[in-house]
Amino acid sequence: MNKFKTYNIITIGCQMNKSDSERIAGYFEEQGMREETDKYKADVVVLTTCGVRQSAEDRVYGFVPKIKKENPGCFLILTGCLSMRSDVKKRLGDLVDLWMPIGEISNIKYPARTQASSRARQISNKFQIPNFKQDNCSYLELKAKYSSAFSAFVPIGNGCNNYCSYCVVPYARGREKYRQAKDIIMEVKDLANKGYKEITLIAQNVNSYRDGRRQTTDDRKYGFSSLLIDVNKISGEFWLRFATSHPKDMSDELIETIAECERVCEHVHLPAQTGDNEILKKMNRKYTREDYLELTSKLRKKIKPPLAITTDIIVGFPGETKEQFENTVKLFKEVKFDMAYIAQYSPRPGTAAAKLKDNVPKQEKKRREAALIKILRKTALENNKKYIGKTVKVLVEKKGKDGDWFGKTRTFKNVKIDDRRQTTDDRNLSGKFVEVKIIKVKDFGMKGEIVD
Ligand code: SF4
């Protein structure tokens with residue numbers, strides 16, 4: 001009998017971590033456990049960690065002692081990117097009961113076989129575990145407890161083979177492993193039958209997907225483009241998104257597929273990381289700024305406008321000079337991004353870049369970040385102005401404090417919706433598609449009215 005009745009999961013970091021937490025929650029629910037919203041009262045607390053930035057890591061160092069102080073009897077599981085880092089283990093020691101690399105969820109049952117603490121070793125056979133292979137992908141077959149009733153992440157694989165010099169993911173999650181297409185299609189069909197309106201296929205590199213079966217030559221040819229085509233055929237009323245794409249794997253065939261599949265939204269998230277060729281080389285990104293520019297112009301030519309292009313950028317990579325940074329500035333001006341997630345470089349232990357001198361001063365990193373945000377605000381506003389007076393489909397997410405609804409367009413733009421009828425007809429629009437006429441725009445948002 002499982003002595004643990006309740007669980008609480010704290011998730012730090014990216015979409016993949018959120019999705020992992022949904023799988024863990026689904027697994028606990030199957031064991032008959034229920035969610036306890038107060039982490040200081042739950043029997044089992046799971047921390048899904050992120051090691052991509054120092055700030056995310058620091059949150060874990062804050063959480064762990066606090067949880068053990070306020071809830072000393074809980075069984076604390078640490079999973080995610082930090083679960084394999086020996087320095088983190090040394091620092092947190094016995095405060096963590098089970099160190100669980102995400103692919104090893106079955107080790108919950110056998111803590112004695114893992115690097116678990118002595119306390120964990122005393123607690124064995126408390127969970128009934130599905131019979132999974134010990135790899136970093138089989139756990140994706142766990143049934144998820146989706147956190148939204150209308151929008152779901154569907155993981156298609158885990159891990160990364162690219163070894164970008166600044167990134168911990170290949171060490172934290174292992175080599176790329178992909179799910180079988182038939183399992184992914186089944187999960188999406190199930191979601192579509194349940195009325196889900198937005199499905200996002202996720203992996204570290206969605207566009208290097210290969211069918212997990214790899215038995216025949218045909219399986220090997222079945223890539224991300226084939227998967228999109230098959231998922232696009234599933235009946236239901238839903239939008240299809242995907243993230244994250246690596247520029248080096250964005251083939252012409254895939255661009256054609258994105259353009260032709262009507263469910264696939266007109267939004268491509270394409271991390272550039274920098275606009276300078278020398279730095280791209282040092283980052284081991286395997287494309288040049290010219291390749292990136294050619295790619296974005298191809299995307300704009302082939303995909304129905306307005307196409308939104310968003311990106312990730314790192315400023316202040318070791319040795320990045322002011323002149324090299326200016327190449328990123330130029331890239332921003334040329335591509336006219338709709339959104340960019342800009343990070344100030346911080347060295348990640350164990351990565352190749354961590355051996356380089358982190359020699360761009362903090363103040364200069366801040367200045368570079370601010371300079372890019374300034375351009376981004378301009379280009380995003382320019383892009384949004386094209387929406388004024390147009391009627392667009394919006395998936396409504398939630399109601400704000402002032403009574404207005406909020407949602408997103410296919411192009412991933414935030415829209416504040418004025419529903420004039422709500423005083424007479426207090427409708428619940430959450431999870432519904434509505435047609436909205438855009439009347440006002442800002443850099444990172446728009447406002448519109450529902451039209452019938
Ligand atoms: S592609 Fe590069 S940045 Fe992305 S997860 Fe892999 S190593 Fe990290």
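Atoms within a ligand are numbered from 1 in the order they appear, just like the ligands themselves.
When each atom of ligand 1 is checked for a heavy atom of His246 under 4.0 Å away, the hits are 1 (S).
Distances shorter than 4.0 angstrom occur between a heavy atom of Arg285 and an atom of ligand 1.
The pair Arg173-Asp20 meets the salt-bridge criterion, with a side-chain N (NZ, NE, NH1 or NH2) lying under 4.0 Å from an Asp/Glu carboxylate O.
Not counting sequence neighbours, the partners of Arg289 by the salt bridge (charged side-chain N to carboxylate O under 4.0 Å, His left out) test are Glu334. Listed by chain and residue number, nothing satisfies the ring pair (Phe, Tyr, Trp, His ring centres under 6.0 Å) test with Tyr61 (two or more places apart in sequence, or in another chain).
Ring-plane geometry between Tyr166 and Phe317 is classed as perpendicular, the angle between the planes exceeding 60 degrees on a 0 to 90 degree scale with a lower cut at 30. Below 30°, between 30° and 60°, or above 60°: for Trp239 and Phe433 the angle between ring planes is between 30° and 60°, a tilted geometry.
A cation-pi arrangement is absent between Arg23 and Tyr139 under the rule of less than 6.0 angstrom and at most 45 degrees off the ring axis.
Pairs engaging residues 376-387 under the salt bridge (Lys or Arg N to Asp or Glu O under 4.0 Å) rule: Arg377-Asp443 [sequence neighbours left out].
If you look at atom 8 (Fe) of ligand 1, the protein N, O or S atoms less than 2.8 Å from it are Cys167 SG.
Atom 4 (Fe) of ligand 1 is never approached by the protein to below 4.0 angstrom, counting heavy atoms only.
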